[in-house]
J.: 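My questions all concern the structure below.
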Amino acid sequence: MARKLETLGQNIVDDAQMADRIVVNTCTVTHVADRKSRQLIRRLHRLNPAAGIAVTGCYAETSREVIDKLDGVDLVVSNGDKERIVELLLQHEQVPLPVAIVASSGPLKNGHTRAFVKIQDGCDNACSYCIVTMARGAQKSLAPERVIERICRRIDEGYREVVLTGVHIGAYGRDSHPAGALPPEKGWSLARLVQRILDETDVERLRLSSLEPWDFSNELLTLWHDERLCNHLHLPLQSGSDAVLKAMNRDYTTDYFARLVESLRAAIPNLSLTTDVIVGFPGETDALFEESTRFVEAMAFAKLHIFRYSPRPGTLAAELDGAVPSPVIDERARQLAALSRRLGLRFNRQFVGQQMQVLFEHCADDSTWDGLSTNYCRVKVKSEQALRNHLGQVLVERADSASLTGRLIMEEG
């Protein structure tokens, strides 16, 4: 959204108090996300009562009547109209679309040095806890030609890394050959899209966002022989208990997941695996939580993203018995957070003494730069050089649970 507004001659400002118009993109994955969205809208209105606030995203989709009543909100844009939000904003402000388009100046000054390219939206899965299918609708893919076009634009703007994103990117292309219409070999797939990107663009680093355990094919796994494909995967587990996975309507077992992890690590050198875990799902007893925790530790993830279960109205899980008390959920989340730190430290320590390629993003006041390695390790170096959006080789000297620290030994430009 920011990029489109910038190319149409609008200025993106750092401070909400300087804005004429504020856009809030909301989430509704948990009740906490709902609350944070409301709090953010209220805080922005207090900071700048004169600025109109436009709200979009999943919370705006599922709870429009709540959003409409918040002070300062004068435009709510559904997910169905999200691609047109810039046009709708300018129409609302009665600002004419410019005749000439201003060329983008490259990576947004306060954004990532990685370009996020959305290749699909929606989800056809039926996880019992998830409201996303209601908020985002059915799976739909962006045509490969448009994906390639967007990536080439980001490369021309100076981005060094592209991240393929979506609600369920592993389902990419499945809507192009519904059951009985076209055999899979005639349609699209994520593997074929990634191969086209590697073949047809000059992308320096290509990263895949979250992939479900059932999304992997031999065709996809063979692509990691190309070193431009980053050796990091986010593989949502959700629970390490088969009983809880069944209640979640997750279509795999822990045995399947463990065998998949073994095959991924065999195929991809120095692979970093991160995951999602939900605590406090209805019916998760102390014994099932302990079973889940043991499995999570055995998988040796590099990092855990921990979600406290939140009943979402309209989902199957919201009707289940066996609700877990909030204090128990909080304690389980704390235990998993401690485990995540231990796993992170164990994973990061193996890189001490090794060289890693880092794409630098941010600089702190003390001239400490940080960026990401290909396998998604946060790496820090001290340097007086301007390293933003530069690739560099770093010799790792120290590790903690969250990051690596080293010294720059070679800048690659």
J.: In terms of side-chain heavy atoms, does D255 have a donor or acceptor partner in T253 at a distance below 3.5 Å?
T.: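 No donor-acceptor contact under 3.5 Å links the two side chains.
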J.: Do side-chain atoms of N375 reach the backbone of S272 as a donor and acceptor pair under 3.5 angstrom?
T.: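 Checked: no pair found.
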J.: Got a salt bridge between E157 and R154, using NZ or NE/NH1/NH2 to carboxylate O under 4.0 Å?
T.: yes
J.: Using distance alone, with no hydrogens and no angle criterion, decide if Y376 and R207 have a side-chain donor and acceptor under 3.5 Å apart.
T.: no
J.: Can E361 and R378 be counted as an ion pair, charged N to O under 4.0 angstrom?
T.: yes
J.: Check whether N231 reaches the backbone of I268 with its side chain - one donor and one acceptor, N or O, closer than 3.5 Å.
T.: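 No, N231 side chain to I268 backbone: no donor-acceptor pair under 3.5 Å.
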J.: Taking the basic N atoms (NZ, or NE/NH1/NH2) and the acidic carboxylate oxygens, is any pair closer than 4.0 Å for E87 and K4?
T.: no
J.: For E290, is there any backbone N or O sitting under 3.5 Å from a side-chain donor or acceptor partner on R332?
T.: no
J.: Are the side chains of D15 and N48 in contact, using a 4.5 Å heavy-atom criterion?
T.: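 No, their side chains stay 4.5 Å or more apart.
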J.: Stepwise, does the salt bridge (Lys or Arg N to Asp or Glu O under 4.0 Å) test hold for R153 with E149?
T.: CA-CA 6 Å; R153 286 181 183 173; E149 177 187 0; 2.6 Å; yes
J.: Under 4.5 Å between any side-chain heavy atoms of F307 and D276, yes or no?
T.: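 The answer is yes, as the side chains (C-beta and beyond) meet within the 4.5 Å cut-off.
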J.: Can you find a side-chain donor-acceptor pair between H232 and T274 that sits under 3.5 Å?
T.: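 The answer is yes; a qualifying pair exists.
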J.: Indicate yes or no: does K382 engage D366 in a salt bridge with an N to O separation below 4.0 Å.
T.: yes
J.: Would D74 and R21 pass as an ion pair if we require N to O under 4.0 Å?
T.: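 Judged by the 4.0 Å cut-off on N to carboxylate O distance, D74 and R21 do form a salt bridge.
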J.: Contact between V117 and Y159 at the side-chain level, heavy atoms closer than 4.5 Å - yes or no?
T.: no
J.: Compute whether any side-chain donor of one residue and acceptor of the other, for N25 and T56, lie under 3.5 angstrom apart.
T.: no
J.: With no hydrogens and no angle check, is any side-chain donor or acceptor of R160 less than 3.5 Å from a backbone partner on T113?
T.: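 Absent.
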J.: Provide the closest heavy-atom pair for D242 versus T254 in the form atom of the first, atom of the second, distance.
T.: OD1-N, 2.8 Å
J.: Using distance alone, with no hydrogens and no angle criterion, decide if Q357 and R205 have a side-chain donor and acceptor under 3.5 Å apart.
T.: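 Distance-only check passes for Q357 and R205.
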J.: Quick one about T28 and R312 (side-chain donor to acceptor, distance below 3.5 Å, no hydrogens or angles considered), yes or no?
T.: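 Looking only at side-chain atoms, T28 and R312 do form a donor-acceptor pair, the distance falling under 3.5 Å.
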J.: Side chains of Q139 and D175: any donor to acceptor distance under 3.5 Å?
T.: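 Yes.
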J.: How many angstroms lie between atom OG of S326 and atom CD of E331, to the nearest 0.5 angstrom?
T.: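 Here the interatomic distance stands at 13.5 Å.
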J.: Can you name the residues that form a salt bridge (charged side-chain N to carboxylate O under 4.0 Å, His left out) with D121, not counting sequence neighbours?
T.: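 In terms of salt bridge (charged side-chain N to carboxylate O under 4.0 Å, His left out), with neighbours along the sequence ignored, D121 is linked to K118, R136.
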J.: Salt bridge (Lys or Arg N to Asp or Glu O under 4.0 Å) between E297 and R346: does it pass, once the steps are laid out?
T.: CA-CA 11 Å; E297 185 164 16; R346 184 192 308 171; 3.8 Å; yes
J.: Under 4.5 Å between any side-chain heavy atoms of H168 and D215, yes or no?
T.: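 The answer is yes, as the side chains (C-beta and beyond) meet within the 4.5 Å cut-off.
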J.: Is the backbone of G158 close enough, under 3.5 Å, to the side chain of N389 for a donor and an acceptor to pair up by distance?
T.: yes
